[in-house]
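The figures here come from the full heavy-atom set of this structure, side chains too, leaving out hydrogens, waters and symmetry mates. Letters A, B, ... mirror the listed sequences (proteins, then strands); counts begin at 1.
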There are 2 protein chains.
Amino acid sequence: MTSTLPPTKRSLPIALIRAREGVMAPIREMLAETGITEQQWRVLRVLTEYGRLDAKTLADRSSLLFPSLTRIAATLRDKGLITQTRDDADRRRQFIEITPEGQKIIDDRATQAAQIVDGFKSALGAENYETLLDLLTLLDPGPAD
Amino acid sequence: MTSTLPPTKRSLPIALIRAREGVMAPIREMLAETGITEQQWRVLRVLTEYGRLDAKTLADRSSLLFPSLTRIAATLRDKGLITQTRDDADRRRQFIEITPEGQKIIDDRATQAAQIVDGFKSALGAENYETLLDLLTLLDPGPAD
DNA sequence: TAACAATAATTAACATGTTAAGGAAATGAT
DNA sequence: ATCATTTCCTTAACATGTTAATTATTGTTA
């Protein structure tokens with residue numbers, strides 16, 4: 001049975017891109033007022049959720065490649081939203097922690113962000129929404145949570 | 001009812017990124033041998049599916065922003081994989097068409113690409129796969145096909 | 001038709017994605 | 001202890017994502 005490529009309208013990679021674009025549009029709009037990017041927001045959210053983290057773990061949990069995190073961390077540090085501390089026990093490693101200023105950005109927008117998420121949940125229906133998250137997780141090869 | 005942000009492990013934007021990463025990894029691996037990028041592959045696939053297109057339509061169907069398409073088209077032209085033709089009726093517009101060399105890249109890899117897609121379809125199950133595509137389409141604000 | 005508005009495309013500027021190479025510190029083997 | 005290896009992180013180089021400004025052409029209207 002020779003398989004052929006689906007039409008691009010039913011292509012999984014393209015559907016993932018478009019869905020992400022649809023979901024991120026209102027979030028980006030919200031973030032525009034804060035002067036931080038979507039990825040910077042993601043880093044701050046992970047730091048809020050897990051507390052101080054080493055750079056490697058932070059990159060994993062933020063779904064960022066290490067080189068991206070290096071640049072983003074430098075930007076966030078310059079903005080005073082995080083601090084970077086060398087690990088005395090292993091001087092290769094680095095700890096990253098959110099500052100009160102960074103925390104404030106999350107706190108100030110958390111409700112608004114949650115409302116955007118709720119909007120999509122309503123649009124799909126709660127059950128479909130959970131199904132979608134479950135199916136997406138199956139496509140993620142990452143460490144089995 | 002005050003809504004709060006979900007933990008990042010159940011965040012829709014992050015789940016979309018990770019899923020995309022999981023799906024694209026083997027495709028990128030395949031494309032590495034061809035010397036073209038994922039986006040360039042997408043443009044060539046759309047051109048194969050729809051034939052000659054004006055740049056605006058091509059950008060839409062490839063899910064690319066216009067500035068990205070401008071650069072990608074220049075690259076593909078330099079590689080001899082597409083041709084660009086000015087519209088005589090409206091000299092602002094431009095038509096883009098795939099060349100035999102470009103077509104060959106698609107033809108040579110179509111089966112392999114389809115097998116990768118089939119792998120994900122099996123992993124999820126055919127029914128779940130279609131459900132996933134349907135749900136993703138609901139998140140796409142784009143023109144209702 | 002002259003002035004203004006709208007459209008197609010490019011360019012610019014900055015941030016991120018991606019792969020490869022490099023540097024510093026820790027680990028392991030001899 | 002020394003050398004090779006591994007690990008954490010940075011830097012480099014190039015492609016793309018994103019928004020804004022700019023150019024060229026077309027359309028509209030007074």
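- Here the P atom of nucleotide C:dA26 and the CG atom of A:Asp88 are 10 Å apart, to the nearest Å.
- Comparing A:Arg20 and A:Arg93 against DNA chain D, the residue whose closest nucleotide sits nearer the 5' end is A:Arg93.
- DNA chain D lies under 4.0 Å from at least one heavy atom of each of the following residues of residues 45-75 of chain A: A:Ala55, A:Lys56, A:Phe66, A:Pro67, A:Thr70, A:Arg71.
- A:Asp78 CG: more than 12 foreign heavy atoms inside a 6.0 Å radius.
- Partner of B:Arg28 under the salt bridge (charged side-chain N to carboxylate O under 4.0 Å, His left out) criterion, out of B:Glu21, B:Glu33, B:Glu38: B:Glu38 alone.
- Side-chain contact of B:Arg18 with A:Ser63: a donor-acceptor pair under 3.5 Å is present, judged by distance alone.
- The CZ atom of A:Arg86 sits 8 Å away from the P atom of D:dC9 (whole-angstrom rounding).
- Nearest nucleotide to the B:Asp90 side chain, out of D:dT18, C:dA9, D:dT26: D:dT26.
- In this structure, of C:dT18, D:dT18, D:dT10, it is D:dT10 that holds the atom nearest to the side chain of A:Gln94.
- Regarding contacts with the backbone of C:dA9, every side-chain N or O of B:Gln84 stays at 4.0 angstrom or more from both OP1 and OP2.
- Taking both residues in full, the closest heavy atoms of A:Leu64 and A:Gln39 are given as CD2-CG, 3.9 Å, listed atom of the first, atom of the second, then distance.
- Considering only the side chain of B:Thr37, D:dA15 comes nearest among D:dA15, D:dG17, C:dA25.
- The CG atom of B:Asp78 sits 15 Å away from the C1' atom of D:dC14 (whole-angstrom rounding).
- OP1 or OP2 of D:dG17 has at least one side-chain nitrogen or oxygen of B:Gln39 nearer than 4.0 Å.
- Taking 4.0 angstrom as the limit, B:Arg28 places a side-chain polar atom (N or O) nearer than this to OP1 or OP2 of C:dT18.
- Atom CZ of B:Arg77 has more than 12 heavy atoms from other residues, nucleotides or ligands within 6.0 Å.
- For B:Arg91 against D:dT25, a side-chain-to-base donor-acceptor contact under 3.5 Å is absent.
- When the nearest nucleotides of DNA chain D are assigned to A:Phe95 and A:Met24 by heavy-atom distance, the more 5′-ward of the two goes with A:Phe95.
- Each of B:Ile96 and B:Leu65 belongs to its own hydrophobic cluster when Ile, Leu, Val, Met, Phe, Trp and Tyr are linked at side-chain heavy-atom distances under 4.5 angstrom.
- Between the P atom of D:dA15 and the CG atom of B:Leu76 lies a distance of 11 Å, rounded to the nearest Å.
- Classification of B:Arg92 and B:Asp90 as a salt-bridged pair holds, one side-chain N sitting under 4.0 Å from a carboxylate O.
- For the pair B:Gln40 and D:dT16, the criterion of a side-chain N or O lying under 4.0 Å from OP1 or OP2 is met.
- Atom-to-atom, CD of B:Glu29 to P of C:dA20 comes out at 12 Å; the value is rounded to the nearest Å.
- The interatomic distance linking B:Leu31 (CG) with C:dT19 (C1') rounds to 15 Å, in whole Å.
- Atoms CZ (B:Arg92) and C1' (D:dT25) sit 5 Å apart, rounded to a whole Å.
- Within the 4.0 angstrom heavy-atom criterion, no nucleotide atom of any strand lies near A:Glu38.
- With A:Lys79 contributing its side chain and A:Gly35 its backbone, the two residues share a donor-acceptor pair below 3.5 Å.
- Nucleotide C:dG17 holds its P atom 12 Å from the CD1 atom of B:Ile14, rounded to whole Å.
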